[in-house]
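To keep things clear, I will list the structure first and then write my remarks on it.
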2 protein chains.
Amino acid sequence: MNFAEGKKQFIQTWGKLGSEWGINRTMAQVHALLLIAPKPLSTEEIMEELSISRGNANMNIRDLISWNLVHKELVPGDRKEYFLAEKDIWEIAKRISRERKRREIEPVKNVLHQLQEVEGDRSNEDVKAFTDMMNQLGGFVDKMDKSVDIMLSSDQSWFFGMLLKLIK
Amino acid sequence: MNFAEGKKQFIQTWGKLGSEWGINRTMAQVHALLLIAPKPLSTEEIMEELSISRGNANMNIRDLISWNLVHKELVPGDRKEYFLAEKDIWEIAKRISRERKRREIEPVKNVLHQLQEVEGDRSNEDVKAFTDMMNQLGGFVDKMDKSVDIMLSSDQSWFFGMLLKLIK
DNA sequence: TTGAATTTTCAGTAATTATTGAAAGTTTGA
DNA sequence: TCAAACTTTCAATAATTACTGAAAATTCAA
């Protein structure tokens, strides 16, 4: 496979993976493009490479910035903004984890804790089943949340070293 | 909060979480309903509780079965099929992980390995950046994949015990 | 200040994804 | 073997999500 084909396939694959995990396909494609770019790219270049409109490019770049995966780069003597992606994969994983935790896990955690306190006849089997499940889920989400905290304060080799040390 | 409100909120919350993670909202809601049901439910009951059509209920139940999260239960002397969800949260987490690994991670892993072999001028900075990123991503996905394997062969208390033992 | 360059917004539209409901298919007891 | 009970399929439709492009807002050099 040559470079041009490889690039195209990477952008496609990353976009598909993103959409399978609830991330806008185009945002993932912009991310893919920036991940393999040796230099910062302008909005124009991103529009051009992915054949998307200015509005679309702008919104998805902003979104990537709000995930801390991309930042602006200012080139002296140039009015345009350029964009550069974080390239370290462990750092990328941490930033995605941090945002998903904040945006999606913690709100659910709070709801589950609320739901552990529903009032109702404890001898009623529906209420019993509900409360049991809320307790189980609440406990699990708490542990997941703490696991993410550990990961966020680790470096890659320590983290995987610990996790994988028992492979046969 | 009373039971009826709590149930409604749990179904809503689980559906929202699912959709944020790329899972059909209704499938997640059917799952939520079955998770808190003390007995197997029929298609009719699911349609009724969630106000969805027969076709929709049927497709999402099939989907949950294909994820190994739900199975059929046959009641002697009854023609209808009833559905029961796996209730153990660690088992649920494993089954979801197993399927996402199989359906989404492994295909990406294979593509990334392919992409590590793109032909091209190594002195070209675009090619260099591309290859470096494919190597980094390939290595990372391999480690994630192995981590999931460990998790799949662990029990909950061992897994979290190991992971959380270093919390200050 | 001014105005050209650039970025952002957002109403309208397109594309994608999910749902309905009725017809076709299957199963099972008599 | 029949036919009622039940499940599955899928074309049509609805709902949701994403995208465009032009206008508005912003920035900045002169």
Side-chain angles (χ1 to χ4, degrees), chain A residues 11-34 40-67 70-84 103-104, chain B residues 11-34 40-67 69-84 100 103-104:
Chain A
I11 291 170
Q12 280 309 109
T13 301
W14 207 240
K16 180 153 177 286
L17 183 65
S19 74
E20 288 167 344
W21 287 78
I23 286 158
N24 178 302
R25 175 184 271 94
T26 301
M27 172 170 144
Q29 290 180 337
V30 173
H31 190 218
L33 184 61
L34 289 170
L41 300 182
S42 66
T43 302
E44 314 283 342
E45 290 168 308
I46 293 167
M47 292 165 60
E48 165 74 15
E49 290 260 20
L50 301 177
S51 308
I52 61 176
S53 71
R54 181 174 303 282
N56 196 9
N58 183 267
M59 298 218 330
N60 286 113
I61 292 166
R62 293 306 123 198
D63 236 340
L64 284 164
I65 290 172
S66 83
W67 282 76
V70 166
H71 63 92
K72 278 188 207 172
E73 195 87 349
L74 298 174
V75 172
D78 193 338
R79 276 286 272 283
K80 277 212 271 299
E81 295 178 337
Y82 290 81
F83 303 97
L84 190 66
R103 299 179 188 205
E104 296 152 6
Chain B
I11 291 169
Q12 280 308 111
T13 301
W14 207 241
K16 180 153 177 284
L17 183 65
S19 74
E20 288 167 344
W21 287 78
I23 286 157
N24 178 300
R25 175 184 271 95
T26 301
M27 171 170 144
Q29 289 181 338
V30 173
H31 190 219
L33 184 61
L34 290 170
L41 300 182
S42 66
T43 302
E44 313 283 341
E45 291 168 307
I46 293 167
M47 292 164 60
E48 165 74 15
E49 289 260 21
L50 301 177
S51 310
I52 60 176
S53 70
R54 180 174 304 282
N56 196 9
N58 183 268
M59 298 214 336
N60 286 113
I61 291 166
R62 294 304 124 199
D63 235 341
L64 284 164
I65 291 173
S66 83
W67 281 77
L69 296 173
V70 165
H71 63 93
K72 277 188 207 174
E73 196 87 349
L74 297 174
V75 172
D78 192 337
R79 265 297 270 273
K80 276 212 273 299
E81 294 178 337
Y82 290 81
F83 302 97
L84 189 66
R100 295 205 89 144
R103 300 178 189 207
E104 296 153 5

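In this text, all values refer to a predicted model and were calculated from it rather than measured experimentally. Letters go in sequence order (proteins before strands), and every chain restarts at 1.
Put simply, CD1 on B/Ile46 is 14 Å from P on C/dT20, counting in whole angstrom units. Nucleotide C/dT8 holds its P atom 13 Å from the CE atom of A/Met47, rounded to whole Å. Rounded to an integer number of Å, the gap from NZ of A/Lys16 to P of C/dT17 is 11 Å. Remark: P of C/dT16 and CE of A/Met27 are 19 Å apart, rounded to the nearest angstrom. Between the C1' atom of C/dT19 and the CG atom of B/Asp63 lies a distance of 14 Å, rounded to the nearest Å. Protein atom CG of B/Asn24 is 11 Å distant from nucleotide atom P of C/dT20, rounded to whole Å. If you take CD of A/Glu45 and P of C/dT7, they are 12 Å apart, rounded to a whole angstrom.
If you walk DNA chain D from 5' to 3' and mark each nucleotide with an atom closer than 4.0 Å to a heavy atom of chain A, the marks span D/dA18 to D/dC28.
A/Glu45 is linked by a salt bridge (charged side-chain N to carboxylate O under 4.0 Å, His left out) to nothing, counting only residues two or more places apart in sequence or in another chain. A/Arg25 pairs by the salt bridge (charged side-chain N to carboxylate O under 4.0 Å, His left out) definition with nothing, not counting sequence neighbours. With sequence neighbours excluded, the residues satisfying side chain to side chain contact (heavy atoms under 4.5 Å, CB included) with B/Leu84 are B/Pro40, B/His71, B/Glu73, B/Lys87. For A/Gln12, the side-chain hydrogen bond (donor to acceptor under 3.5 Å, both in side chains) test picks out A/Gln29, with sequence neighbours left out.
Residues B/Lys72 and B/Tyr82 are not in side-chain contact: their nearest non-hydrogen atoms beyond the backbone lie 4.5 Å or more apart. B/Trp14 is not listed as a side-chain neighbour of B/Leu33, based on a closest heavy-atom distance of 4.5 Å or more.
Across all their heavy atoms, A/Gly18 and A/Ala28 have their closest contact at CA-CB, 4.2 Å. Heavy atoms only, all atoms of each residue included: B/Ile46 and B/Phe83 are closest at CD1-CD1, 4.5 Å.
Counting only residues at least two apart or on different chains, the salt bridge (charged side-chain N to carboxylate O under 4.0 Å, His left out) pairs with a member in residues 11-21 of chain B are B/Lys16-B/Glu20.
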Listing, residues 50-65 of chain B side-chain donor-acceptor contacts under 3.5 Å, not counting sequence neighbours, or none:
from    : atom 1 : to      : atom 2 : distance (Å)
B/Ser53 : OG     : B/Asn56 : N      : 3.2
B/Arg54 : NH1    : B/Glu44 : OE2    : 3.4
B/Arg54 : NH2    : B/Glu44 : OE1    : 3.4
B/Arg54 : NH2    : B/Glu44 : OE2    : 3.2
B/Arg62 : NH2    : B/Glu81 : OE1    : 3.4

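If you find the closest nucleotide of DNA chain C to A/Thr43 and to A/Arg25, the one lying nearer the 5' end belongs to A/Thr43. The 5' end of DNA chain C is approached more closely, in terms of each residue's nearest nucleotide, by A/Glu44 than by the other of B/Asn60 and A/Glu44.
Using cut-offs of 30° and 60° for the angle between ring planes, the A/Trp21 and B/Trp21 rings count as perpendicular.
For DNA chain C, the residues of residues 74-81 of chain A within the heavy-atom distance limit of 4.0 Å (strictly under) are A/Arg79, A/Lys80, A/Glu81, sorted by number.
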Set out, line by line, the N/O atom pairs under 3.5 Å between protein and nucleotides 21-23 of chain C.
none

